[in-house]
Amino acid sequence: MSSTEAILIEKCMKAWRFLYRRGFIEGFGHISARIPGTDSYMLTRHSLGRIIVPDDMLVYDASGKQIGGIGDRPGEAPIHHEIYRSRPDVHSIIHYHGMHATAFTTTNAHQLKPIHLMGTLFADGLPIYEDPRLVSTTERGVALAQALGPHRAALMRAHGSVVTGGDVEECVTGAFFLEENAHRAYLACTLGQPIWMDEAMAKAAAEELIRSRGPIRRVWAMVEVEGTE
């Protein structure tokens, strides 16, 4: 194992513990990361609890063949494989079943949009993948990747969310703020008519946040603390 892979595995393990302790995963969900300079990626194994060790990160090549790690692949591994195939800019993916974000796929009353500063990370839109079934086949993985398109994240109707990032830190930040924005939006909807962010302002704010990487550094600082053993 190269030092690059060892560092990436450590980041993924910290991210997994953080997401598990924060209630994002809770037994359902997975995180993956593309191995720099290769066509391979690593993915958390099936039925993984809060405790995670390096061998729990399964490694797959571009054809989908397992070349490292111990255990079975998640049933929805096609999510990761097909998004990596279609999006060379993506280097990390998280699938989880967030309560508040998913709620916005089960009503026609409101469409989830940025309602808070950090939610502007999704100012380019949150498309909805309409099939609620497990993404357990190549065909469904391709369809999800197509629904995601060039966006940072997609909601999965009555199922969950998929979030992407240019690295593990950015991906975890996206998952964290997608759910936080959805929670704030949910509260606003219960109080009355929500005031969604102006689209132009949201895009301008997103550009500033992404350029500075300030939110990414802040969230990852929490991961470093909460993602320890």
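Just the heavy atoms: all of them, side chains too, but no hydrogens, waters or symmetry mates, feed the values below. Just so it is clear, the model here is predicted, and its values are computed rather than measured.
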Checklist entry - Could you go step by step and tell me if Ile35 and Met42 meet the side chain to side chain contact (heavy atoms under 4.5 Å, CB included) rule? => result CA-CA 7 Å; Ile35 299 173; Met42 54 183 64; 4.0 Å; yes
Item to check | Ile25/Leu48 under side chain to side chain contact (heavy atoms under 4.5 Å, CB included): CA gap, chis, key distance, verdict | outcome: CA-CA 10 Å; Ile25 301 294; Leu48 181 61; over 6 Å; no
Next on the checklist: salt bridge (charged side-chain N to carboxylate O under 4.0 Å, His left out) for Glu170 and Arg152? Distances and angles first, verdict last.
Outcome noted: CA-CA 10 Å; Glu170 183 181 332; Arg152 180 180 297 275; 2.7 Å; yes
Checklist entry - Going through the checks in order, is the salt bridge (charged side-chain N to carboxylate O under 4.0 Å, His left out) test met by Glu207 and Lys203? => result CA-CA 6 Å; Glu207 289 176 2; Lys203 289 181 178 179; over 6 Å; no
Next on the checklist: What verdict does the side chain to side chain donor-acceptor pair (under 3.5 Å) test give for His81 and Tyr41, after you've listed the backbone C-alpha separation in whole Å, the side-chain angles of each residue and the deciding distance to 0.1 Å?
Outcome noted: CA-CA 9 Å; His81 190 70; Tyr41 62 93; 3.2 Å; yes
Checklist entry - Taking it one step at a time, do Leu178 and Ser161 satisfy side chain to side chain contact (heavy atoms under 4.5 Å, CB included)? => result CA-CA 9 Å; Leu178 175 60; Ser161 306; 3.9 Å; yes
Checklist entry - Do Tyr186 and Met99 pass the side chain to side chain contact (heavy atoms under 4.5 Å, CB included) test, and can you show the C-alpha distance, the side-chain angles, and the key distance before you say yes or no? => result CA-CA 10 Å; Tyr186 164 80; Met99 181 69 69; over 6 Å; no
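Looking at heavy atoms from C-beta onward, Arg21 lies in side-chain contact with Arg50 at the 4.5 angstrom threshold. Between Tyr129 and Val135, the closest side-chain pair of non-hydrogen atoms falls below 4.5 Å. The closest side-chain heavy-atom distance from Leu43 to Pro74 is below 4.5 Å. Between Tyr60 and Arg73 the shortest side-chain heavy-atom distance falls below 4.5 Å. Side-chain contact check for Leu19 versus Tyr96: every heavy-atom pair is 4.5 Å or farther apart. Counting heavy atoms from C-beta on, the side chains of Pro36 and Leu8 come closer than 4.5 Å. Proximity of Trp220 to Thr173: side-chain heavy atoms (C-beta onward) are nowhere separated by under 4.5 Å. Contact of the Ile52 side chain with the Tyr20 side chain is not registered, since no non-hydrogen atoms from C-beta on lie closer than 4.5 Å.
The minimum heavy-atom distance linking Phe176 with Phe24 is given by the pair CA-CZ, 3.8 Å. Here the closest heavy-atom approach between residue Val168 and residue Ala33 is recorded as CG2-CB, 3.8 Å. Scanning all heavy atoms of the two residues, the minimum distance from Phe104 to Ala182 falls at CE1-O, 3.5 Å. Closest approach of Met57 to Thr44, counting heavy atoms only: SD-CG2, 3.6 Å. Closest of all the heavy-atom pairs between Val162 and Met156 is N-SD, 4.2 Å. Shortest non-hydrogen contact noted between Ile9 and Pro54 is CG2-CA, 3.9 Å.
Within a 6.0 Å radius of CG in Asp39, other residues, nucleotides and ligands contribute 12 heavy atoms or fewer. Within 6.0 Å of atom CG in Leu191, more than 12 heavy atoms from other residues, nucleotides or ligands are found, so the atom counts as buried in its surroundings. Atom CG of Leu134 is surrounded by more than 12 heavy atoms from other residues, nucleotides or ligands within 6.0 Å. In Lys11, the NZ atom is not crowded: 12 or fewer heavy atoms of neighbouring residues, nucleotides or ligands sit closer than 6.0 Å. Remark: Glu199 CD is loosely packed, at most 12 non-hydrogen atoms of other residues, nucleotides or ligands lying under 6.0 Å away.
Distance check: Ile216 CD1 to Leu209 CG gives 9.0 Å after rounding to the nearest 0.5 Å. The NE2 atom of His46 sits 10.5 Å away from atom CD of Glu76, with the distance rounded to the nearest 0.5 Å. Rounded to the nearest 0.5 Å, atoms NE2 (His80) and OG (Ser92) are 9.0 Å apart. Note: Leu155 CG to Gln111 CD = 9.0 Å, rounded to the nearest 0.5 Å. Note that OG of Ser136 and CD1 of Ile79 are 9.5 Å apart. Values are rounded to the nearest 0.5 Å. Rounding to the nearest 0.5 angstrom, the gap separating the CD atom in Glu224 from the CD atom in Glu169 is 8.5 Å.
Judged purely by distance below 3.5 Å, without hydrogens or angles, the side chains of Ser32 and Tyr84 pair a donor atom with an acceptor atom.
In the hydrophobic clustering of ILVMFWY residues, with side-chain heavy atoms under 4.5 Å counting as a link, Val59 and Trp16 come out together. At a threshold of 4.5 Å between side-chain heavy atoms, the hydrophobic network of Ile, Leu, Val, Met, Phe, Trp and Tyr places Ile93 and Ile31 in two separate groups. Under the 4.5 Å side-chain heavy-atom criterion for grouping Ile, Leu, Val, Met, Phe, Trp and Tyr, Phe28 is not connected to Leu144 through any hydrophobic cluster. When hydrophobic clusters are built by joining Ile, Leu, Val, Met, Phe, Trp and Tyr residues whose side-chain heavy atoms come closer than 4.5 Å, directly or via intermediates, Ile128 is grouped together with Ile94.
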Under 3.5 Å, which donor-acceptor pairs do the side chains of residues 114-126 form with other protein atoms, sequence neighbours left out?
unit_1, atom_1, unit_2, atom_2, d
His116, ND1, Met118, N, 3.3
Thr120, OG1, Leu117, O, 2.6
Asp124, OD2, His151, ND1, 3.4

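Formation of a donor-acceptor pair under 3.5 Å by the Arg85 side chain with backbone atoms of Ser63 is not found in this model. Side-chain N or O atoms of Asn181 include one that pairs as donor or acceptor with a backbone N or O of Lys113 at under 3.5 Å. Distance alone, capped at 3.5 Å, is enough to place a donor-acceptor pair between the Glu179 side chain and the His100 backbone.
By the salt bridge (Lys or Arg N to Asp or Glu O under 4.0 Å) test, Arg140 pairs with no residue at all, sequence neighbours left out. Here Arg133 pairs with Asp131 under the salt bridge (Lys or Arg N to Asp or Glu O under 4.0 Å) rule; sequence neighbours left out.
The aromatic rings of His159 and His95 lie perpendicular to each other, with more than 60° between the two planes, well past the 30° mark.
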